[in-house]
Amino acid sequence: QVQLVESGGGLVQTGGSLRLSCAASGGTFSSYAMGWFRQAPGKEREFVAVITWSGNYIYYADSVKGRFTISIDNAKNAGYLRMSSLKPEDTAVYYCAADRDFNFWNYRSAHQYDYWGQGTQVTVSS
């Protein structure tokens, strides 16, 4: 069965950096997309970034453009989210997700994704 496991969260100061990892297993992922979402307490799950498994298409939320970089190592079935210039408003639980059939219109919606990791906490101190 498909399984996603996030890692790399932690506590950082404003302006710092973290790299999150997402290890995927149990599937054939060549046609998938990997997305990253985040959810702060009391808020809805928010789209952060998405990358197709081939790496051909990448999209970012406006709030993270220029600060976050998404990548994928399809030989390892591992995805990464490099976060730089972190702000307190980036504090959230970060989730990776996999979409079996990437949709160019609905990729910002959490409902589009078929599999989810357990989440990893990112806290940015002010």
Side-chain angles (χ1 to χ4, degrees):
Q1 295 183 1
V2 171
Q3 185 175 7
L4 306 176
V5 180
E6 302 100 330
S7 61
L11 174 64
V12 297
Q13 294 180 332
T14 297
S17 299
L18 283 174
R19 190 184 74 160
L20 306 183
S21 299
C22 179
S25 62
T28 302
F29 298 101
S30 59
S31 63
Y32 282 47
M34 179 179 286
W36 288 90
F37 289 76
R38 64 188 183 186
Q39 188 164 23
K43 295 185 178 180
E44 293 185 345
R45 194 161 296 187
E46 176 190 15
F47 169 77
V48 175
V50 64
I51 185 170
T52 53
W53 224 264
S54 66
N56 289 344
Y57 298 97
I58 296 173
Y59 301 99
Y60 295 97
D62 289 342
S63 59
V64 305
K65 284 181 179 178
R67 300 189 299 119
F68 290 13
T69 301
I70 190 170
S71 62
I72 194 160
D73 184 343
N74 50 29
K76 297 181 179 179
N77 287 327
Y80 306 95
L81 184 70
R82 176 68 178 179
M83 306 182 295
S84 300
S85 301
L86 283 163
K87 307 173 182 179
E89 51 263 46
D90 295 316
T91 295
V93 176
Y94 283 71
Y95 299 89
C96 66
D99 180 8
R100 291 175 294 181
D101 52 347
F102 181 73
N103 189 299
F104 286 92
W105 180 249
N106 290 332
Y107 64 86
R108 295 180 179 87
S109 173
H111 296 98
Q112 179 66 24
Y113 293 79
D114 302 290
Y115 308 102
W116 291 85
Q118 82 288 349
T120 185
Q121 177 70 47
V122 172
T123 302
V124 184
S125 63
S126 59

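FYI, the numbering just counts along the sequence from 1. Keep in mind that this is a model prediction, so the values were computed, not measured.
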Got a donor-acceptor contact below 3.5 angstrom from the R67 side chain to the S85 backbone?
yes
Rounded to the nearest 0.5 Å, the CD1 atom of I70 sits from the OG1 atom of T52 at a distance of 9.5 Å
Okay, side chain of T91, backbone of T123: is any donor-acceptor separation there less than 3.5 Å?
no
Does any non-hydrogen side-chain atom of P41 lie less than 4.5 Å from one of K43?
no
Would you indicate whether Q13, at its atom CD, is surrounded by more than 12 heavy atoms from other residues, nucleotides or ligands within a distance under 6.0 Å?
no
For A110 versus R45, what's the shortest heavy-atom pair and its separation?
CB-CD, 4.4 Å
Just how far is it from atom CG of L86 to atom OG of S17, taken to the nearest 0.5 Å?
6.0 Å
Mind checking whether Y60 and F47 have ring centres under 6.0 Å apart?
no
Does one hydrophobic cluster hold both F29 and L20, with members joined at side-chain heavy-atom distances below 4.5 Å?
yes
Please confirm whether the backbone N or O of D99 pairs with a side-chain atom of D114, one donor and one acceptor, at under 3.5 Å?
no
Assign the ring pair Y57 / Y59 to parallel, tilted or perpendicular, where the plane angle (0 to 90°) is split at 30° and 60°.
parallel
Under 6.0 Å between ring centres, would you say that holds for F37 and Y94?
no
Can the ring centroids of F102 and F104 be said to lie less than 6.0 angstrom from one another?
yes
Nearest-0.5 Å distance, CG of residue L81 to CZ of residue R38:
9.5 Å
Measure the shortest side-chain to side-chain distance between Y80 and D73 over non-hydrogen atoms and say whether it is less than 4.5 angstrom.
yes
Considering all heavy atoms, the nearest S125-T14 contact
O-OG1, 2.7 Å
If you group Ile, Leu, Val, Met, Phe, Trp and Tyr by side-chain heavy-atom gaps below 4.5 Å, do Y95 and L4 land in one group?
no
Distance-only, no hydrogens or angles: does the Y113 side chain make a donor-acceptor pair with backbone N or O of Y107 under 3.5 Å?
yes
Sort and list the pairs that fulfil disulfide (SG to SG under 2.5 Å) and have at least one residue in residues 30-87, not counting sequence neighbours.
none
Check whether W36 and V50 end up in the same hydrophobic cluster, where Ile, Leu, Val, Met, Phe, Trp and Tyr are linked by side-chain heavy atoms less than 4.5 Å apart.
no
Heavy atoms only: give me the nearest Y32-A98 pair and the separation to one decimal.
CD2-CB, 3.9 Å
Are I58 and V64 joined in one hydrophobic group, where the rule is that I, L, V, M, F, W and Y side chains link up if heavy atoms are under 4.5 Å apart?
yes
What are the two closest non-hydrogen atoms of A24 and W53, and how far apart are they?
CB-CH2, 4.0 Å
Measure the CZ-CG distance between R108 and N103 for me, rounded to the nearest 0.5 Å.
11.0 Å
Co-membership, hydrophobic cluster, residues V48 and V12, 4.5 Å side-chain:
yes
Can you find a pair of side-chain heavy atoms, one from E89 and one from S63, that are under 4.5 Å apart?
no
Working to the nearest 0.5 angstrom, can you tell me the gap between S31 OG and D101 CG?
8.0 Å
Using only atom types and a distance under 3.5 Å, with no angle test, would you say the side chain of Q118 pairs donor to acceptor with the backbone of E6?
yes
Output for pair (Q112 CD, N106 CG), nearest 0.5 Å, gives 5.0 Å
Is the shortest side-chain heavy-atom distance between C22 and M34 below 4.5 Å?
yes
Is there a side-chain contact between T120 and V93 (heavy atoms, below 4.5 Å)?
no
Salt-bridge test for D90 and K87: reply yes if a basic N is under 4.0 Å from a carboxylate O, no otherwise.
no
For P88 and S126, which heavy atoms make the closest approach, and how far apart are they?
CG-CB, 3.7 Å
